[in-house]
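First comes the structure, then the notes that go with it.
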Amino acid sequence: MRTRILVVEDEPAIAESVAYALSRDGFEVAMASTAAAARAEMAQATLVVLDLMLPDDSGFNLIAAWRKASLSTPIIVLSSRDDEADRVAALESGADDYVTKPFSPREVVARVRAVLRRVAVTKTESPGAGTTSKLRVEPSTRRAFLEAHELELTRVEFDVLACLLEAPGRVFTRAELIQRVWGDGFALTDRTVDSHVKALRRKVAETGADPGLIETVRGVGFRVAEGVEA
Ligand code: CA
């Protein structure tokens, strides 16, 4: 099966230049200029390049709907402003990466390749199911549990938790988490990592458990406590 990239963008010049660069690189490309068209095409896509500002809906609503439907298709957001809040919100809602406009089509192709590589690596090199007495992940199904409660995690939150659970008790630095979850060449700030951990803690707390199960080690990084009996 060819790798099919869905480009969701309502500005024809941008959509066409991205589609052209992707197809020249060997990808099969589908295009959608509205959220409605994107919804119809989503299930056939290997990866989605998504503009946040569409004529009939916000890209944020599309991400939320897809993640709610458990579609794990990777999403790269095209962010129109150099707005950190937008980018963090996109990552928190389940996007895998973002490119800020104006960008070169080659940059989008490079990001697409990087995200596809990262997804392939997490699929084939999944560690054994990590666990503490309370938190548990199932890499094969990408489901996470806190005791009997299933946690509804974004892809990034899942990968962060799976990484921490590989070695309960061990501290992972932010740089290490960036390397493990996003891969090389991702110029992410520590704040981005912190915002994903914060979201993860909030989801843990929503089940009634102690969000401190995921500990901050001041000045170093994060860890899950070993054999917590909280
Ligand atoms: Ca737009």
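Both backbone and side-chain heavy atoms feed into the values below; hydrogens, waters and symmetry mates do not. Counting starts at 1 for both ligands and their atoms, following the listed order. Small disclaimer: the values here were computed from a predicted structure and weren't measured. The first residue of the sequence shown is numbered 1, and numbering continues consecutively from there.
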- For Asp210 and Lys134, what are the C-alpha separation, side-chain angles and deciding distance, and is it a salt bridge (charged side-chain N to carboxylate O under 4.0 Å, His left out)? CA-CA 10 Å; Asp210 176 8; Lys134 284 179 172 284; over 6 Å; no
- Which protein atoms of type N, O or S are found under 3.0 Å from the Ca ion (ligand 1)? Asp10 OD1, Asp51 OD2, Met53 O
- Item | Any residue meeting side chain to side chain contact (heavy atoms under 4.5 Å, CB included) with Leu52, in chain and number order, not counting sequence neighbours | Phe60, Val77, Asp86
- If two hydrophobic side chains count as joined below 4.5 Å and joins carry through other members, does Val108 share a cluster with Met31? yes
- Item | Listed partners of Glu176 passing salt bridge (Lys or Arg N to Asp or Glu O under 4.0 Å), at least two apart | Arg170
- Could you pull out all residues at least two apart from Leu91 that satisfy side chain to side chain contact (heavy atoms under 4.5 Å, CB included)? Tyr98, Thr192, His196
- Message: For the residue pair Glu138 / Thr141, report whether a side-chain donor-acceptor contact shorter than 3.5 Å exists.
- Response: yes
